[in-house]
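The analysis underlying the following values was restricted to heavy atoms, covering all of them including side chains, and did not include hydrogens, waters or symmetry mates. So that the names make sense, note that chain A is the first sequence line, chain B the second, and so on, each numbered from 1.
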Amino acid sequence: MNGRYRPLVAASFFDRPAETVARELLGSFLVSDCGGKRCVGRIVETEAYPGPHDPASHAAAPIGRTARNDPMFGPPGTAYFHLNFGVHWCLNVVVGPEGYPAAVLIRAVEPLEGLETMRRRRPGRTDRELTSGPAKLTQALAIGPSLQRHRLSDAPLFITPGTKVPKSSVARTTRVGITKGTTKRWRFYDRRSGWVSRSERPR
DNA sequence: GAAACGATTATCT
DNA sequence: GATAATCGTTTCA
């Protein structure tokens, strides 16, 4: 059961350009029942990786389709988990038509429900540090590559409409931590939230 | 505070 | 063999 949260309609919402989905995902709720405890976060920061023309994408044109990026070619509304620096798992939502590699990275959420469980999973952290980064939130929600290609309309990990972020509160910047495609402003966040990862790393 | 840096491993050249 | 869509600790001001 999905409890009191109603799943998004996957096809219509996610089968659109990554930039559009990244902006509109702000304010949605990410619900995880993994590990037997319900944890809910409001999505406050995202990044778009819109296709093969994006040199920063794991599916950039020179790379093509490989074992690692294959989930990005899957149907819209499914999960793509990738490992970063050998240690951190990050969650992406696959968007656009099946067969076309595009995704939205979920960079930060604001804890709404299951705070005690998240604190137990990330001991010694302040509440702000629970979910204010792409690999922090996967730890707090106890999610990872066992959910590779999982449909994000189904338990135990799904996205629901949540509360809409007004246009005036949406900030748009360049993406964080990449070395290619650094001029594109494909990062979106809710400027009212205290859970946004501020790390804009200079190059 | 801000900035530097090491961890740790799959993936691609 | 180099690199990477990060995090957490240490170091310095």
A.B. asks: Would you please say whether a donor-acceptor pair under 3.5 Å links the side chains of Glu110(A) and Thr131(A)?
C.D. replies: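 Checked: Glu110(A)/Thr131(A) side chains show no N/O donor-acceptor pair below 3.5 Å.
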A.B. asks: Can you check the Ile178(A) CD1 to dA4(C) C1' distance for me, whole Å?
C.D. replies: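 In whole Å, dA4(C) C1' and Ile178(A) CD1 are 12 Å from each other.
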A.B. asks: Please give me every residue in residues 45-68 of chain A whose heavy atoms get under 4.0 Å of an atom in DNA chain B, ordered by residue number.
C.D. replies: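 Thr66(A), Arg68(A) - these, ordered by number, are the residues of the stretch whose heavy atoms sit under 4.0 Å from the strand.
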A.B. asks: Does a donor on one side chain and an acceptor on the other come within less than 3.5 Å for Thr173(A) and Arg185(A)?
C.D. replies: no
A.B. asks: Represent DNA chain C in dot-bracket notation, 5' to 3'. Only Watson-Crick or G-U wobble pairs with both distances under 3.5 Å count; pseudoknot-style crossings use [ ] and interstrand partners use |.
C.D. replies: ||||.|||||||.
A.B. asks: Rounded to whole angstrom units, what separation is found between the CG atom of Asn84(A) and the C1' atom of dT9(B)?
C.D. replies: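 Taking CG of Asn84(A) and C1' of dT9(B), I get 11 Å after rounding.
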A.B. asks: Would you mind reading off the distance between Lys184(A) atom NZ and dA5(C) atom P, rounded to a whole angstrom?
C.D. replies: 18 Å
A.B. asks: Any salt bridge linking Arg172(A) with Glu19(A)? Criterion: basic side-chain nitrogen under 4.0 Å from a carboxylate oxygen.
C.D. replies: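 Between Glu19(A) and Arg172(A) there is a salt bridge, with a charged N closer than 4.0 Å to a carboxylate O.
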A.B. asks: Would you please test Glu24(A) and Lys164(A) for salt bridge (charged side-chain N to carboxylate O under 4.0 Å, His left out) and show each step?
C.D. replies: CA-CA 8 Å; Glu24(A) 295 194 13; Lys164(A) 198 159 186 149; 5.7 Å; no
A.B. asks: His88(A) NE2 to dT8(B) P: how many Å, rounded?
C.D. replies: 10 Å
A.B. asks: Only counting residues at least two apart or in another chain, list the ones meeting side chain to side chain donor-acceptor pair (under 3.5 Å) with Asp54(A).
C.D. replies: Arg175(A)
A.B. asks: Restricting to side chain to side chain donor-acceptor pair (under 3.5 Å), what partner residues turn up for Thr160(A), sequence neighbours left out?
C.D. replies: none
A.B. asks: State whether Arg187(A) places a side-chain N or O below 4.0 Å from either non-bridging phosphate oxygen (OP1 or OP2) of dA5(C).
C.D. replies: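 No.
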A.B. asks: Given atom CZ of Phe188(A) and atom P of dA5(C), what is their separation to the nearest angstrom?
C.D. replies: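 Going from CZ in Phe188(A) over to P in dA5(C) covers 19 Å.
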A.B. asks: Do the side chains of Glu129(A) and Lys136(A) get close enough for a salt bridge, i.e. N-O under 4.0 angstrom?
C.D. replies: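 No, Glu129(A) and Lys136(A) are not salt-bridged.
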A.B. asks: With the threshold set at 4.0 Å, does a side-chain nitrogen-carboxylate oxygen contact exist between Lys37(A) and Glu116(A)?
C.D. replies: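 No.
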A.B. asks: Does anything in residues 134-152 of chain A come within less than 4.0 Å of DNA chain C? Heavy atoms only, and list the residues if so.
C.D. replies: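 Those residues whose heavy atoms fall under 4.0 Å from DNA chain C, taken from residues 134-152 of chain A in numerical order, are Pro134(A), Ala135(A), Lys136(A).
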A.B. asks: What is the distance, rounded to the nearest whole Å, between atom CD of Glu129(A) and atom P of dT6(C)?
C.D. replies: 17 Å
A.B. asks: Of Lys180(A) and Arg122(A), whose closest DNA chain C nucleotide lies nearer the 5' terminus?
C.D. replies: Lys180(A)
A.B. asks: Whole-Å distance between dA4(C) P and His82(A) NE2?
C.D. replies: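 Checked: the NE2 to P distance equals 12 Å.
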A.B. asks: Taking the six-membered ring of Tyr189(A) as reference, does the NZ or CZ atom of Arg107(A) fall below 6.0 Å from its centre and within a 45° cone about the axis?
C.D. replies: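 No cation-pi geometry.
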A.B. asks: Taking ring-ring contact (aromatic ring centres under 6.0 Å, His included) as the cut-off, I'd like each qualifying pair that reaches into residues 88-109 of chain A, sequence neighbours left out, listed once.
C.D. replies: none
A.B. asks: Starting from the C-alpha separation in whole Å, work towards a yes-or-no answer on side chain to side chain contact (heavy atoms under 4.5 Å, CB included) for Thr163(A) and Phe29(A).
C.D. replies: CA-CA 8 Å; Thr163(A) 56; Phe29(A) 296 164; 4.2 Å; yes
A.B. asks: What is the separation between atom CZ on Phe85(A) and atom C1' on dG6(B), rounded to the nearest whole Å?
C.D. replies: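 To the nearest whole Å, that distance equals 11 Å.
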A.B. asks: To the side chain of Arg125(A), which of dG8(C), dT8(B), dA4(C) is closest?
C.D. replies: dG8(C)
